[in-house]
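What follows is a set of notes on a single structure, which appears directly below.
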Amino acid sequence: MDSRLIRRPVLDLLSGRSQCLLSLNAASRRNESSYRRSKQRLNIKPDSSFLLGHNSPNQDHIVFNPPSSAPSVLHTPLKFLPKEDKRRQLLASTAARHQALDPALPPAVPVKRSVPHHHLSEADVKEIQRLKREEPDDWTCAKLARKFNCSTFFVSICLSQCGGDDSQRKKDMAEKLEAIRARWGPRRRKAREEKSKRYELANRGE
Amino acid sequence: MKRLRLERWSGQLLSPRTRPCCLRQVQIQRSLASQTRSQSSASTADIIHEDGEYEPVPIETSPPKLVPSTKHPRSQYASPPPSNALKSAKLAALHARLSLPSKVPLQTMARTLVDPSADSNANFNNASLAQLGGSIISYHVAEYLLCTYPRLPMTVLFAAAYAYNGPKTLQLIAKEWGVETAASPGSEVDPGLLQFSKVAPGTKLGEFGATTRPDSKQFYRRGISSRNVYDDEFGDTIPKDREEYEPLSQEQAYSSFVKAVVGSLFAHAGRDAAKRFVKQHILSRHLDISSLFVFKAPERELARLCKREEFEHPVARMLSETGRHSRSPVYVVGIYSGSDKLGEGAGPSLLEAKIRASVAALKAWYLYSPGNNVRLPSEMEAKGARPWEPVHIDLGEVIH
């Protein structure tokens with residue numbers, strides 16, 4: 001968890017109910033001249049699941065066919081329910097039924113693991129630190145990682161204990177990055193800003 | 001229609017109008033009187049002649065002479081006397097609008113509207129009632145949150161408590177009730193108006209003043225566990241030694257009024273009435289707790305959680321995708337632990353979809369609730385209550 005506190009009074013959070021009203025923008029407003037057109041556009045053939053077939057019940061019934069959407073976070077998955085919770089049995093029977101219908105799991109998202117893990121010895125770590133201490137400008141993180149076939153993250157952990165003073169280099173690199181940023185045009189800048197905003201929203205799940 | 005018999009309403013909170021003659025109080029009253037009654041009192045403005053010579057008027061040592069009129073009757077008190085409460089239409093309307101029980105007298109209602117900054121006499125201001133009511137409100141909010149969402153992290157608990165009974169929300173509630181503020185406190189104002197000394201415009205509302213924390217030198221020590229020990233129920237520092245009669249913001253005055261109403265309800269009508277009032281006016285509001293979360297490294301946190309709870313390591317699996325190699329692809333990724341799906345998220349890149357799925361899984365963990373009608377500890381105070389069954393108590397938030 002982030003230690004930042006989100007401060008807002010409760011009434012600001014009533015957005016759930018007013019969303020519908022807010023989305024009524026000028027384009028979707030109807031008037032006399034556009035009534036027929038918009039009415040026609042709404043005249044869509046219903047989905048086959050709503051139509052009566054030979055196996056649908058004869059008497060009045062309710063069709064429960066919600067649109068596909070992301071599952072609510074308020075529905076706790078079976079695995080997260082505590083042992084004493086009574087909903088456990090109910091959900092377990094449902095899960096077993098689903099499992100029987102479709103036992104195969106979807107394919108895993110491929111994870112890039114280009115470098116091996118946990119293969120360097122104490123001597124290698126000492127060697128990394130020695131190289132950096134002797135020629136700090138020559139042996140950069142990426143170069144060391146390439147030489148020892150490990151990740152740059154691991155090299156940076158090793159070098160944090162190396163004892164050298166890298167404040168000047170950090171300053172130079174920051175200046176270099178700033179110079180590159182200054183060369184960006186408005187489109188690239190906007191795209192970068194939007195990307196960072198998107199990730200911030202993703203971290204809040206919004 | 002049943003007629004209200006105001007003269008029958010009486011309460012134990014009413015005390016005879018006797019005041020100790022304190023020097024500071026007299027000074028405040030004098031300054032207030034000279035501010036508010038400048039219309040009728042003699043003008044004491046400095047005189048500046050045409051040639052620019054400045055001639056200060058000698059300051060009188062005696063109090064300014066007040067000329068009592070029918071509109072501004074002369075009074076030695078800083079707040080309206082309790083007898084005025086029975087004549088105020090605003091006050092009676094407020095009492096009826098909140099449908100308070102008739103056990104709460106109008107005089108006490110009038111007292112809840114007087115802030116210590118308006119009347120520093122503790123027998124006639126709402127300081128004690130606000131202290132009582134504030135602790136009742138925060139107790140009910142805390143027990144509701146802790147029993148309904150037993151796994152909430154501390155930051156979210158602070159934020160949720162702030163959303164339910166923070167000063168901003170209490171101000172909104174008081175404004176919804178239709179309570180207005182008096183322009184300036186005094187004994188002649190309508191007792192149905194909120195009376196407090198307003199902060200002069202342009203004053204900086206200092207957040208970095210002295211606090212009750214012992215670590216004044218280590219001001220950067222604001223971790224969550226340190227907030228638990230030293231700070232108030234919202235994780236904010238408690239300001240040190242604020243003088244009661246200092247002017248304060250409208251937000252603070254409104255919030256202490258709402259607290260004082262709950263306090264007076266507790267004092268006159270009892271525990272159940274106060275609890276019902278808090279439930280109806282504060283806990284009944286809709287708060288989307290899932291929007292109060294911020295995660296830093298959700299994937300790692302979920303992996304730590306699965307390790308702690310001895311579940312299988314979480315794996316991201318592709319549920320569906322569209323438009324790969326196009327300008328706007330959409331990936332739907334589910335996070336699985338073994339064969340159980342923990343969360344699901346959609347995003348324009350695989351990484352973002354994975355983050356969203358992990359956040360959904362973590363939120364599902366933290367927002368576990370045993371149900372909406374879970375029993376609260378305060379329900380045990382009722383007569384003939386069933387024996388208490390322990391509520392779910394969680395191990396605590398994930399540390400990574």
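Hydrogens, waters and symmetry mates play no part in the numbers below; they use all other heavy atoms, side chains included. Here is how names work: the chains are called A, B, and so on, in the same order as the sequence lines, proteins then strands, and each is numbered from 1.
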Expected output: side-chain A/R204 to main-chain B/L292 donor-acceptor under 3.5 Å:
no
Chain A contact via B/P167 - which portion, at a heavy-atom distance below 4.5 Å:
neither
Here the gap from B/R356 atom CZ to A/E206 atom CD, rounded to the nearest 0.5 Å, amounts to 9.0 Å
Name the region of B/L305, side chain, backbone, both or neither, that has any atom closer than 4.5 Å to a heavy atom of chain A.
side chain
If one checks every heavy atom of A/P71 against chain B at 4.5 Å, the contacting part turns out to be side chain
Looking only at heavy atoms, which two atoms of B/V315 and A/A108 are closest? And how far apart?
CG1-CB, 4.1 Å
Give a yes or no on this: more than 12 heavy atoms of other residues, nucleotides or ligands lie within 6.0 Å of atom CD1 of B/I238.
yes
Chain B contact via A/A95 - side chain, backbone, both or neither, heavy atoms under 4.5 Å:
neither
Whether over 12 other heavy atoms sit under 6.0 Å from A/K126 NZ
no
Testing the basics here: between A/R198 and B/P348, what is the closest heavy-atom pair and its distance to 0.1 Å?
NE-CG, 4.0 Å
Contact leader toward chain A among B/E344, B/E352, B/K354, where contacts are heavy-atom pairs under 4.5 Å
B/E352
Is B/A316 in contact with chain A via its backbone, its side chain, both, or neither, using a 4.5 Å heavy-atom distance?
both
Residues, nucleotides or ligands: over 12 heavy atoms within 6.0 Å of B/I399 CD1
no
Greatest number of heavy atom pairs closer than 4.5 Å to chain A - which of B/S339, B/S290, B/P298:
B/S339
Does atom CZ of A/R188 have more than 12 heavy-atom neighbours, drawn from other residues, nucleotides or ligands, at distances under 6.0 Å?
no
With chain B, the option among A/A202, A/P77, A/S72 that has the most non-hydrogen atom pairs under 4.5 Å is A/A202
How far apart are the closest heavy atoms of B/A360 and A/V73, and which atoms are they?
O-CG1, 3.8 Å
Proximal component of A/R87, with respect to chain B [non-hydrogen, under 4.5 Å]:
side chain
Between NZ of B/K296 and CG of A/N203, what distance do you get to the nearest 0.5 Å?
10.5 Å
Non-hydrogen atoms of chain A under 4.5 Å away: do they reach the side chain of B/S358, the backbone, both or neither?
neither
What residue, out of B/V333, B/L170, B/V332, B/L351, has the most heavy-atom pairs lying under 4.5 Å from chain A?
B/L351
Take atom CD of B/E389 as the centre, draw a 6.0 Å sphere, and report whether it contains more than 12 heavy atoms from other residues, nucleotides or ligands.
no
Is the number of heavy atoms from other residues, nucleotides or ligands under 6.0 Å of A/L101 CG greater than 12?
yes
I'd like to know whether B/R151 forms a side chain to side chain contact (heavy atoms under 4.5 Å, CB included) with A/F80, so could you lay out the CA-CA distance, the side-chain angles of the two residues, the decisive distance to 0.1 Å, and finally the verdict.
CA-CA 11 Å; B/R151 283 179 185 160; A/F80 284 170; 4.2 Å; yes
Between chain A and each of B/G166, B/A346, B/G338, B/S337, count heavy-atom pairs under 4.5 Å; write down the option with the most.
B/S337
Select one option (side chain, backbone, both, neither) describing which atoms of B/L350 are under 4.5 Å from chain A's heavy atoms.
side chain
Between OH of B/Y366 and OG1 of A/T76, what distance do you get to the nearest 0.5 Å?
14.0 Å
Region of B/Y336 that comes under 4.5 Å of a non-hydrogen atom in chain A
side chain
Answer yes or no: is there an ion pair linking B/E312 with A/K79, defined by an N-O contact shorter than 4.0 Å?
yes
Looking only at atom types and distance, does a side-chain atom of B/R317 sit under 3.5 Å from a main-chain N or O of A/P107, one as donor and one as acceptor?
no
